[in-house]
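Okay, structure first, notes after.
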Amino acid sequence: MPVESGSSASSRQAKQKRKSHSLSIRRTNSTEQERTGLQREMLEGQDSKLPLSLRSNLLDLFGQIEREFENLYIENIELRREIETLNDRLTAEGQTIDGGDLTKGALKAKASHSTSQLSQKLKTTYKASTSKRSHSFHGKIVSSFKATTSRAVCQLVKEYVGHRDGIWDLSVTRTQPVVLGTASADHSAMLWSIETGKCLLKYLGHAGSVNSIKFHPTEQMALTASGDQTAHIWRYTVQLPTPQPVADISQTPCDDDIDFSDKDEADGDGDGPSECPSIRVSSTTLRSHQGVVIAADWLVGGKQVVTASWDRAANLYDVETSELVHSLTGHDQELTHCCTHPTQRLVVTSSRDTTFRLWDFRDPSIHSVNVFQGHTDTVTSAVFTVGDNVVSGSDDRTVKVWDLKNMRSPIATIRTDSAVNRISVSVNQRIIALPHDNRQVRLFDMSGVRLARLPRSNRQGHRRMVCCSAWCEDNSSCNLFSCGFDRQAIGWNINIPALLQEK
């Protein structure tokens, strides 16, 4: 008489149990409408100051929560039974092999390893599926309440189009007239009217990609770093055009997930602004690097500048004499960024070696350096705030906030879903703007709380990697700028309610 194996018996029991659970689900769905009607009658009979429509909406949402958790609970039971069934079957196979010949030790180890692998695979699948459903459902519930809460408002005000290649960096002048500067892979830097979007001046002195642009704190001078292994200082004079009425662009709440198009090309390859005057000769050229100069910045006072290069060194120069004052070495790989403190003689350099270094030049006789290891991948930028903080961003998809007085560990960590490029921190509100590889720009406060995400769709926003962000809080029309490899810079008007910042 044939004997049913333990594997087939357990499999049959699992099928019967799943069948009974499917019947219970159908019974639940058949009585769902009756239960909802009864709950609505009970709700109407209770005293509450909430409007009936809001109470009804709440009832629907809580009903969705109950049904979702019921489905998750049933799915949990089903998956656990499948794990147990497979474990039982593989264990039985392992016992059969155990009764074999001299190779039983190796075969038993193989069976045990297979059991562990399959069990772990099922558990991973279970975690992924339940986590995905939970997050999806959570998003639906949260979006239902968004209309009743205070929200940040992000308005696209102006697009600055004219570069022939991606824009690596941008900056806003600190003196009058206030203009926007962009540095591009097309070997040029441009100055723009913020209000009209018109190109005012084009600098064509570099023989390679222009990787960064920074303005002198008090004079009309710009500092640019380039792939031609030099940094240039050049003077500019611009005449602002008469501002024209700004088009009435509807205010778009931040955090909109609209993304209807993956269109990657910018609007045309135009030859750039046709009436834009140009400069081809710098007033000062800084040479001594043996590799690409990826970034440069002015020290406080504007009498010295610092440059960062792929030759793993940062150089400190005297602006008047163009002489090299210090060569800052120590990084193990290429540098990616450098930044100076707004009020003190401090410099921070970032590198692909996963570290950033703080250089102190406050004492003219000596300079000290501190190395900070808080990231697991390239540190793309590290910037000072007006207070005693440094904020660092990395390709490891995190941003960390550090206290200058105690930088052993970060005081806040922001985890994101994409690599972070050159970040910026607003002076007054202390909001961090994070440009991402995935074309998004997100806003966080200094404690790591997310405030907003700039809208992106086929009609507005960046179409490729966002390389850099820059704040200009004194400007009434645009207080945040971003640029990317879609060959355009964008001016935004960001309104963050005080209530939202306090959360």
Side-chain angles (χ1 to χ4, degrees), residues 54 57 138-161 170 172 178 180 192-197 243-261 385-386 391 399 414 416-418 420-421 423-436 438-463 466 468-484 486 488-503:
L54 180 57
N57 185 31
H138 177 263
K140 293 177 183 177
I141 296 298
V142 171
S143 64
S144 299
F145 284 99
K146 279 185 176 180
T148 61
T149 59
S150 296
R151 302 185 63 186
V153 175
C154 307
Q155 183 180 6
L156 189 153
V157 179
K158 189 66 64 175
E159 294 178 339
Y160 307 88
V161 180
L170 79 173
V172 181
V178 178
L180 173 68
W192 307 82
S193 165
I194 293 176
E195 285 74 18
T196 65
Q244 298 178 356
V246 179
D248 185 14
I249 304 175
S250 59
Q251 291 186 340
T252 305
C254 297
D255 281 345
D256 276 3
D257 292 328
I258 302 173
D259 192 358
F260 298 123
S261 171
T385 68
V386 174
V391 184
V399 172
I414 302 168
T416 69
D417 60 353
S418 179
V420 181
N421 296 310
I423 58 178
S424 63
V425 183
S426 64
V427 174
N428 299 329
Q429 294 181 305
R430 290 165 61 85
I431 299 173
I432 312 169
L434 279 57
H436 289 286
N438 65 359
R439 303 174 288 179
Q440 302 286 355
V441 180
R442 293 183 173 92
L443 307 180
F444 288 80
D445 67 14
M446 293 292 289
S447 60
V449 176
R450 175 174 153 175
L451 301 175
R453 176 171 57 183
L454 304 193
R456 200 197 77 80
S457 70
N458 62 338
R459 295 180 300 276
Q460 63 177 340
H462 289 287
R463 303 180 183 93
V466 188
C468 180
S469 64
W471 290 92
C472 180
E473 293 175 287
D474 295 333
N475 190 277
S476 58
S477 59
C478 303
N479 55 5
L480 176 63
F481 299 90
S482 60
C483 66
D486 53 4
Q488 69 173 338
I490 298 178
W492 305 86
N493 185 274
I494 310 298
N495 182 13
I496 306 291
L499 180 63
L500 193 58
Q501 294 183 60
E502 293 171 0
K503 288 184 179 181

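Below, each value reflects all heavy atoms present in this structure, side chains not excepted, and no hydrogens, waters or symmetry copies. Just so it is clear, the structure is predicted and the values come from calculations on it, not from any experiment.
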Taking side chain as C-beta onward, heavy atoms only, is [X] less than 4.5 Å from [Y]?
X	Y	result
Phe444	Ile431	no
Pro435	Ile423	yes
Leu156	Trp492	yes
Cys483	Gln488	no
Ile490	Tyr160	no
Ser482	His462	yes
Val425	Met446	yes
Ile414	Ile432	yes

Would you find a donor on one side and an acceptor on the other, under 3.5 Å apart, between the side chain of [X] and the backbone of [Y]?
X	Y	answer
Asn493	Val157	no
Glu473	Asn428	yes
Glu159	Ala489	no

Practice problem: Check side-chain hydrogen bond (donor to acceptor under 3.5 Å, both in side chains) between Asn479 and all other residues, then give those that pass, not counting sequence neighbours. | Solution: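 For Asn479 there are no side-chain hydrogen bond (donor to acceptor under 3.5 Å, both in side chains) partners, ignoring immediate neighbours.
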Quiz prompt | Rounded distance (nearest 0.5 Å) linking atom CD of Gln429 with atom CG of Leu451 | solution =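 One gets 9.0 Å once the value is rounded to the nearest 0.5 Å.
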Quiz item: Distance from Glu195 atom CD to Asn475 atom CG, nearest 0.5 Å?
Solution: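 Rounded to the nearest 0.5 Å, the CD-CG separation comes to 5.0 Å.
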Quiz item: Quick one: side chain to side chain contact (heavy atoms under 4.5 Å, CB included) partners of Ala433, sequence neighbours excluded?
Solution: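 For Ala433, the residues satisfying side chain to side chain contact (heavy atoms under 4.5 Å, CB included) (neighbours in sequence not counted) are Ser424, Leu443, Ser469, Trp471, Leu480.
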Self-check item: side chain to side chain contact (heavy atoms under 4.5 Å, CB included) partners of Ser418, counting only residues at least two apart
Solution: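 Listed in chain order: His436, Asp437, Asn438.
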Exercise. Test Ile194 against Val178 for side-chain contact (heavy atoms from CB on, under 4.5 Å), laying out the working first.
Key: CA-CA 8 Å; Ile194 293 176; Val178 178; 3.8 Å; yes
Quiz item: After noting the C-alpha distance and the side-chain angles of Arg450 and Asp445, does the key distance pass the side-chain contact (heavy atoms from CB on, under 4.5 Å) rule?
Solution: CA-CA 7 Å; Arg450 175 174 153 175; Asp445 67 14; over 6 Å; no
